[in-house]
S.K.: 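Just dropping this structure here.
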Amino acid sequence: MELTRKINMNKLPFLILLLCFITSCSKDSDGPEPTNYDYYYPTNEASITAKQIGDGSGTLDPKGITISKEKLYVCNGNVLEVFNAVTLAHIKTIANYTKGSTTIPFVNLTSVSIDNGRIYVGSVESRLFVLDESTTLGINTVGNGQWWQTFVHVFGVVVKDGLVFVKEKEKSIKVFEASQITETSDWNLKPFAKLNTLSGFDQVYSMDVTDGNLVVAGRDAKSYLYYNLAGIRANAAASITTPLEPVKAPFEEAKPISVVFSKDWAITSENAGNTSYLRLYPKDEFNNREYKPRVNASDIMGQNPFGTIVSAVQLNDRIFLSDNTNKTIRVVKLNKSTIAEQK
């Protein structure tokens, strides 16, 4: 496997160290203790391209991505790719849903989520595929591929806390309980609840769950959309008729494209005009709808500008970015420097 490494002159860390040196040299030894500030910045670590899949002659059209048990799963057109998230080696390509004698080819995959030993894969062909994580064999499907049945296409999926959230075309998110989906359940499941995203059409949507809330990157509403899980459960029956609306704080210009949560961060991508940004917010502040990013980058060190990042995920100090514009999975490292300011 060819691992494409990005090696650049790391100018920003050098300037940070130089500033630290000047600051420390100029301080009065008898003066007050300096104030420390933490500064975070991304650097290029690696990338995954089509050349690293199979014989390298295929294509990479990355959309939804996720990581589980050090495996990176990538929705790539009509297949689901699996990589080692540590070495970036390609493990396998999954092209079909297979259960016993039933085989359904994957078509136009948009999103993937893994929870409790299951892989959930969304398709524009109005299906949600549920696979066993250990074997990648089929457990069941929701939807039969006809847009007028269970789903009007599937543009996003996330599964956490026993709930399955499926973004459809236009303004609809259907909510199922994971326990509804079994080896023998019917394909035409009825949703447990419904949510309203206020606006939308046929774009891939990104969602995640944190601290008792579903958070949706509301690209068409120009806002992050917050739905309280307890509120969803309490109002589930009524929401089938009148879907629940979110709490939101609209942006003036930025359009949220993706959101995912790690231990400390809300990792987001946002578009402003023709520029795509990677923005990291402290998770607690983000949950309180305080949007002051600690990382706000449209490129890396003035080079390699980001395209539209439709999905992201973090593993240790690496952040994986599904850059659909540039047809690559960009892997960046999150760095931290501490600057001491002498008052």
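Sequence positions, counted from 1, serve as the residue numbers for this chain.
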S.K.: For Phe251, enumerate each residue passing the ring pair (Phe, Tyr, Trp, His ring centres under 6.0 Å) test, keeping only those at least two apart in sequence or located in another chain.
M.R.: Tyr224, Tyr291
S.K.: If you look at every heavy atom in Tyr227 and Glu245, which pair is closest and at what distance?
M.R.: CE2-C, 3.9 Å
S.K.: Is any side-chain heavy atom of Leu280 closer than 4.5 Å to one of Ile319?
M.R.: yes
S.K.: So which heavy atom on Pro246 is nearest to which on Asn196, and how close?
M.R.: CD-O, 3.3 Å
S.K.: Is there a chain of hydrophobic side chains (I, L, V, M, F, W, Y, each step under 4.5 Å between heavy atoms) that links Val209 to Leu163?
M.R.: yes
S.K.: Can you list the residues that meet the ring pair (Phe, Tyr, Trp, His ring centres under 6.0 Å) rule with Phe192, with sequence neighbours excluded?
M.R.: none
S.K.: Using a cut-off of 6.0 Å, state whether more than 12 heavy atoms not belonging to Trp147 lie near its atom CH2.
M.R.: no
S.K.: Verify whether one side chain among Gln149 and Asn144 offers a donor that lies under 3.5 Å from an acceptor in the other.
M.R.: no
S.K.: Should the ring pair Tyr226 and Phe286 be called parallel, tilted or perpendicular, given that the plane angle runs from 0 to 90° and is split at 30 and 60?
M.R.: tilted
S.K.: Please answer whether the main-chain N or O of Ile309 pairs with a side-chain N or O of Ser269 as donor and acceptor at a distance below 3.5 Å.
M.R.: yes
S.K.: Kindly write out the residues that satisfy side chain to side chain contact (heavy atoms under 4.5 Å, CB included) with Ala193, not counting sequence neighbours, or none if the list is empty.
M.R.: Val175, Ile232, Ala236, Ser239
S.K.: What heavy-atom pair brings Gly218 and Tyr205 nearest, and what distance separates the two atoms?
M.R.: CA-CE2, 4.2 Å
S.K.: What's the spacing between Thr308 OG1 and Asn274 CG if we round to 0.5 Å?
M.R.: 9.5 Å
S.K.: Could you tell me the separation between the NZ atom of Lys92 and the OG1 atom of Thr136, rounded to the nearest 0.5 Å?
M.R.: 3.0 Å
S.K.: So, Thr59 versus Asp61: side-chain donor-acceptor pair below 3.5 Å or not?
M.R.: no
S.K.: Give me each pair satisfying side chain to side chain donor-acceptor pair (under 3.5 Å) with a member in residues 228-237, each pair once, sequence neighbours excluded.
M.R.: none
S.K.: For the hydrophobic clusters of this structure (ILVMFWY residues joined by side-chain heavy atoms under 4.5 Å, transitively), does one cluster hold both Val158 and Val164?
M.R.: no
S.K.: Which heavy atom in Asn316 sits nearest to a heavy atom in Gln314, and how many Å separate them?
M.R.: O-NE2, 2.8 Å
S.K.: Are Phe176 and Val130 grouped together when hydrophobic residues (ILVMFWY) are joined by side-chain heavy atoms under 4.5 angstrom apart?
M.R.: yes
S.K.: Provide the closest heavy-atom pair for Val260 versus Ala312 in the form atom of the first, atom of the second, distance.
M.R.: CG1-O, 3.2 Å
S.K.: Main chain of Leu225, side chain of Ser223: is a donor-acceptor contact present, judged purely on distance under 3.5 Å?
M.R.: no
S.K.: Is it the case that one hydrophobic cluster holds both Phe155 and Phe165, taking links as side-chain heavy atoms less than 4.5 Å apart, direct or via other members?
M.R.: no
S.K.: Mind checking what makes ring pair (Phe, Tyr, Trp, His ring centres under 6.0 Å) contact with Tyr120, not counting sequence neighbours?
M.R.: none
S.K.: Roughly how far, to the nearest 0.5 Å, is the OG1 atom of Thr49 from the CG atom of Asn326?
M.R.: 12.0 Å
S.K.: In this structure, would Leu244 and Val215 fall into the same cluster of hydrophobic residues linked by side-chain contacts under 4.5 Å?
M.R.: no
S.K.: Hey, what do you get for CD (Gln203) to CG (Asp220), rounding to the nearest 0.5 Å?
M.R.: 4.5 Å
S.K.: Can you name the nearest heavy-atom pair linking Glu183 to Ile139, along with the distance?
M.R.: OE1-O, 3.6 Å
S.K.: Starting at CG of Asp132, measure out to NZ of Lys99 and round the result to the nearest 0.5 Å.
M.R.: 11.5 Å
S.K.: Is there a side-chain contact between Val310 and Ser258 (heavy atoms, below 4.5 Å)?
M.R.: no
S.K.: Of all residues at least two apart in sequence or in a different chain, which pass the ring pair (Phe, Tyr, Trp, His ring centres under 6.0 Å) check with Phe106?
M.R.: Phe129
